[in-house]
There are 2 protein chains.
Amino acid sequence: MYTSSEENYLKAILKLSRKGDSPVTTGALAAEMQTTAPSVTDMLRRLAEKQLATYEKYYGVQLTEEGVRIATALVRRHRLWEVFLTEKLGFLWDEVHDMAEQLEHVQHPELIERLDAFLGHPRFDPHGDPIPDAQGRWPERQRQPLSNVEVGGQAVVVGVDDHSTAFLQYLDRLGIGLGVHIAVLERVEYDHSLCVRLVEQGRDLTLSDKAARSLFVELL
Amino acid sequence: MYTSSEENYLKAILKLSRKGDSPVTTGALAAEMQTTAPSVTDMLRRLAEKQLATYEKYYGVQLTEEGVRIATALVRRHRLWEVFLTEKLGFLWDEVHDMAEQLEHVQHPELIERLDAFLGHPRFDPHGDPIPDAQGRWPERQRQPLSNVEVGGQAVVVGVDDHSTAFLQYLDRLGIGLGVHIAVLERVEYDHSLCVRLVEQGRDLTLSDKAARSLFVELL
DNA sequence: TTTATTTTTTAGAAACAACTAAAAATAGAT
DNA sequence: ATCTATTTTTAGTTGTTTCTAAAAAATAAA
Ligand SMILES: [Mn+2]
Ligand SMILES: [Mn+2]
Ligand SMILES: [Mn+2]
Ligand SMILES: [Mn+2]
């Protein structure tokens with residue numbers, strides 16, 4: 001129905017507008033898509049032409065209802081494939097994104113619902129990100145950065161804000177992953193770094209403020 | 001590395017040349033790819049340029065070693081995905097080809113080997129077609145059309161020559177699928193149709209010559 | 001061996017998706 | 001309000017993949 005390139009733009013526009021920056025600017029999209037501003041302008045005209053977005057010159061772009069529908073379905077496909085790759089094929093959470101970027105474009109009316117059932121209808125992906133359901137509804141979960149938790153508080157890791165391989169592999173080496181139980185022991189006032197205890201492993205370690213702000217947790 | 005279009009042409013050239021028509025002609029490729037002769041000529045030049053095929057004007061095309069390697073890997077990916085779709089997601093054998101056509105182009109160094117292991121290293125796909133191994137070797141099986149089996153002979157269905165939805169759904173309705181045990185009861189001389197018994201179901205039926213020639217069996 | 005038919009290639013064009021360089025519009029600062 | 005800096009759009013180009021129409025080559029027929 002739509003090209004992979006069009007779909008990637010729709011997904012990027014949805015991501016940026018859900019982050020709050022709406023309407024989405026040409027420059028923000030160029031940065032997100034790692035391309036140039038003229039390429040973005042071209043595509044925005046095509047998306048508007050196809051009624052997937054409303055585009056006003058020098059102002060920005062917003063998805064139409066149909067655009068949101070398609071972009072949300074893409075996020076659903078991307079994240080379900082990520083679950084498949086980790087749960088069924090044994091890939092690590094830092095390895096699956098690039099494959100999912102390709103798999104999400106596979107078109108078939110029934111495929112993704114079968115995959116969803118095969119995976120047991122997961123609500124969150126390997127990075128803790130919500131998976132929209134078949135109707136486009138997003139599961140909600142009250143999560144916050146670990147850096148917000150007060151000293152003495154306890155929480156469970158439920159997501160990451162930074163999806164880079166470097167950060168994910170660093171977390172692996174520390175023994176931190178989704179579901180890990182963390183107790184905040186101390187906050188260093190000098191650089192806001194955090195001393196925490198991994199409750200299950202019974203191991204203490206120090207996290208930089210940058211790392212603590214990139215970890216999402218649910219309070220206990 | 002290569003575009004989906006290039007990969008599709010490589011796969012088609014491999015298919016036709018394995019069928020015996022080598023070198024492959026522009027016309028045969030145009031028919032196989034459902035496109036026009038000029039499009040084929042263009043692509044053959046590009047494939048030759050990239051050392052994936054040797055192409056001589058007005059003569060035909062042959063894959064290079066690298067071309068064979070890539071095309072064989074594609075067939076492997078296509079057929080492993082077809083196994084996944086039937087075995088794990090519960091699709092029927094007439095539903096999986098179009099999805100596999102898309103999935104086969106997903107690029108990743110480890111993905112297909114992980115999928116192969118997850119599926120238990122199958123050697124044949126849902127249509128009975130051989131799945132090349134990671135080194136590009138094709139499993140062999142001495143199979144023949146059901147129409148060749150003499151009266152009184154017994155055989156097991158191991159493949160189909162016609163992959164059309166119409167034929168596959170017709171077989172479903174008859175109760176014929178891979179692994180079904182067939183006994184040939186009688187050959188009608190008039191139109192070469194075949195009276196057979198489905199041994200497990202204990203049911204007798206008549207197959208046209210066209211159908212019997214499209215069914216591959218292994219003799220018992 | 002000409003002639004006619006079929007097949008294949010060339011020529012030219014269109015749609016898509018990307019780019020660089022230059023012009024235009026907007027936003028920010030004096 | 002004017003000038004400056006940034007952002008965005010326009011213009012022009014490239015590469016890919018497809019097509020139709022016309023020319024050229026190969027094959028088949030007379
Ligand atoms: Mn991802
Ligand atoms: Mn993810
Ligand atoms: Mn197939
Ligand atoms: Mn098959």
Side-chain angles (χ1 to χ4, degrees), chain A residues 1-13 16-17 19-63 67 70-71 74 98 101-102 104-105 107, chain B residues 1-13 16-17 19-63 67 70-71 74 101-102 104-107:
Chain A
M1 193 64 175
Y2 300 104
T3 68
S4 290
S5 188
E6 288 168 339
E7 291 188 334
N8 286 334
Y9 274 91
L10 292 176
K11 197 155 57 91
I13 297 168
L16 294 176
S17 57
K19 245 193 207 154
D21 329 294
S22 180
V24 177
T25 66
T26 301
L29 263 176
E32 174 68 26
M33 303 279 303
Q34 309 212 78
T35 184
T36 61
S39 301
V40 173
T41 302
D42 279 352
M43 180 57 83
L44 294 188
R45 242 197 300 275
R46 279 200 294 276
L47 295 180
E49 176 71 31
K50 295 184 180 180
Q51 317 269 332
L52 298 172
T54 57
Y55 165 57
E56 207 178 321
K57 270 168 44 167
Y58 293 106
Y59 175 68
V61 66
Q62 277 174 304
L63 295 181
I70 294 170
L74 271 165
D98 289 346
E101 281 292 310
Q102 300 175 65
E104 71 188 9
H105 299 293
Q107 304 274 358
Chain B
M1 193 62 177
Y2 300 104
T3 68
S4 290
S5 188
E6 287 168 340
E7 290 188 336
N8 287 333
Y9 273 92
L10 292 175
K11 198 154 58 91
I13 297 168
L16 294 175
S17 58
K19 242 193 210 154
D21 329 294
S22 182
V24 177
T25 67
T26 301
L29 263 177
E32 173 69 26
M33 303 279 302
Q34 309 212 78
T35 183
T36 61
S39 301
V40 173
T41 303
D42 279 353
M43 180 57 83
L44 295 187
R45 242 198 300 274
R46 280 199 295 277
L47 294 179
E49 176 71 31
K50 296 185 179 180
Q51 318 269 331
L52 297 173
T54 58
Y55 165 57
E56 208 178 320
K57 272 166 44 166
Y58 294 105
Y59 174 68
V61 65
Q62 276 174 304
L63 295 180
I70 294 172
L74 271 165
E101 280 292 310
Q102 300 175 63
E104 72 189 7
H105 298 294
V106 174
Q107 304 274 356

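In what follows, every chain begins at residue 1, and chains take the letters A, B, ... in the order their sequences are listed.
Put simply, the side chain of B/Gln102 gets close to the backbone of A/Gln107: a donor and an acceptor are under 3.5 Å apart. Judged by distance alone, the side chain of A/Thr35 and the main-chain N or O of A/Ala31 form no donor-acceptor pair under 3.5 Å. Proximity of a side-chain donor or acceptor of B/Glu7 to a complementary backbone N or O of B/Ala71 within less than 3.5 Å is not detected. With hydrogens and angles ignored, the 3.5 Å screen pairs a side-chain donor or acceptor of B/Ser17 with a backbone N or O of B/Ile13.
Within the structure, every side-chain polar atom (N or O) of A/Thr36 is placed at least 4.0 Å from both OP1 and OP2 of C/dT20. Put simply, A/Arg46 has no side-chain N or O that comes within less than 4.0 Å of OP1 or OP2 on C/dC16.
Within the model, atoms CG of A/Leu10 and NZ of A/Lys50 stand 10.0 Å from one another, a figure rounded to the nearest 0.5 Å. Taking CG of A/Leu63 as the reference point, atom OH of A/Tyr55 lies at 14.5 Å (rounded to 0.5 Å).
Of the charged side-chain nitrogens involved, at least one lies within less than 4.0 Å of a carboxylate oxygen, so that A/Lys11 and A/Glu101 count as a salt-bridged pair.
The two atoms that bring A/Glu104 and A/Leu74 nearest to each other are O-CD2, 3.6 Å, heavy atoms only. A/Ala53 and A/Val61 make their closest contact through CB-CG2, 3.6 Å (heavy atoms, listed as atom of the first residue, atom of the second, distance).
Comparing C/dT26, C/dA11, C/dC19 by their nearest atom to the side chain of A/Thr35 picks out C/dC19.
Close approach of DNA chain D to chain A, defined as any atom under 4.0 Å from a non-hydrogen atom of the protein, starts and stops at D/dT8 to D/dT10.
Across the protein-nucleic acid pair, B/Arg45 atom CZ and C/dT8 atom C1' stand 11 Å apart, rounded to whole Å. Rounded to an integer number of Å, the gap from B/Tyr59 OH to C/dT7 P is 18 Å. The distance from atom OH of A/Tyr2 to atom P of C/dA17 is 13 Å, rounded to the nearest whole Å. Atom-to-atom, CD of A/Gln34 to P of C/dA17 comes out at 18 Å; the value is rounded to the nearest Å.
Each of B/Ser39 and B/Lys50 was matched to the nucleotide of DNA chain D holding its nearest heavy atom; the match closer to the 5' end belongs to B/Lys50. Where A/Tyr58 and A/Ser4 meet DNA chain C, the nucleotide closest to each residue was compared, and A/Ser4 sits on the side nearer the 5' end.
Heavy-atom distances under 4.0 Å link DNA chain C to no residue of residues 5-13 of chain B.
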